[in-house]
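The structure under discussion appears below in the form of structure tokens.
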Amino acid sequence: MAPGTFTIAFPLGVTVGKWTRVFEERHPDVELSVVRERPDELRVRLDLGEVDLAFVRLPIDVDGLHVIPLYAENVVAVMHHEHVLTLEKKLLLADLDDETFVAPPADDEWDETLMRRIAEGAGVGVVPQSVAKALRRRDVVAMRLEDAAPAEVALAWPRDSENQWVDEFIGIVRGRAAHSSRNPDVAAAEAADAREKNAAKSRPATGAAGPGKARGGSGGARRSTTKGSKGSSHGGRGAGRRGRR
């Protein structure tokens, strides 16, 4: 495949380095860009064609997109480290009913400012575990919500995308080996090799005699040799008998 450009975007908390490193190792000539975006900007940039592939948090408006769920993660409640709820062995959603919630505006994302408000005791927040890890502070505790629905992460790309590297990156995320026949470069090489083998089989062998001539020539030679041998044998015996007389 010819080199080109490939742009990947992801939201806070999603770690993409293990996959982008593999992509760069396999395709060093491709200009790879990896950018972090807010959830609302992810969809906009996909629609504008500024991003070829994005890691997104579900749910998302899938109109005009291909979406492949990847994994799910725990949801946690974040609170001041001396909050009374930290004494609970297990935390349920119902335990938060009387709490004041801290959260970003719709379609925005968590940031250090919001986590600072949690640390100041302004309330509690509910976030995916990876977001809490990305913004962790010593004075904030993250506790798993036992009955909360998992936070799902997916891959999304435009249905009309023509970028040749989308399928290759999806294969890397799914664990496809570099030598897999679904790798575009490998598939192209295997197809070229198959065409060469088929062409070699269809080419006639040079310098080969026709089947009829080959059988006739060899058969005539065998008959001539056989008769000559018999004649020499009889002549030898006759000469021996005359010599004894």
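Taking His81 as the reference, nothing meets the ring-ring contact (aromatic ring centres under 6.0 Å, His included) condition, with sequence neighbours excluded.
For the 3.5 Å distance criterion, the side chains of Glu99 and His83 qualify, holding a donor opposite an acceptor.
In this structure the side chain of Thr20 reaches within 4.5 angstrom of the side chain of Ile8, judged on heavy atoms. The side-chain heavy atoms of Leu96 and Leu85, taken from C-beta on, include a pair separated by under 4.5 Å. Looking only at side-chain heavy atoms (C-beta outward), Phe6 and Val166 come within less than 4.5 Å of each other. Side-chain contact check for Phe55 versus Val16: some heavy-atom pair is nearer than 4.5 Å. No side-chain heavy atom of Val67 sits under 4.5 Å from any side-chain heavy atom of Leu155. Side-chain contact between Arg174 and Ile68: present, with at least one pair of heavy atoms (C-beta onward) separated by less than 4.5 Å. For the pair Val140/Met79, no side-chain contact is recorded, criterion being any heavy-atom separation below 4.5 Å from C-beta on.
Pairs passing the side-chain hydrogen bond (donor to acceptor under 3.5 Å, both in side chains) check and including a residue from residues 125-136, sequence neighbours excluded, read Arg57-Ser130, Glu73-Ser130.
Although no hydrogens or angles enter the test, the distance criterion places a donor-acceptor pair under 3.5 Å between the side chain of Asp52 and the main chain of Thr7.
Other residues, nucleotides and ligands place no more than 12 heavy atoms under 6.0 Å from the CZ atom of Arg138.
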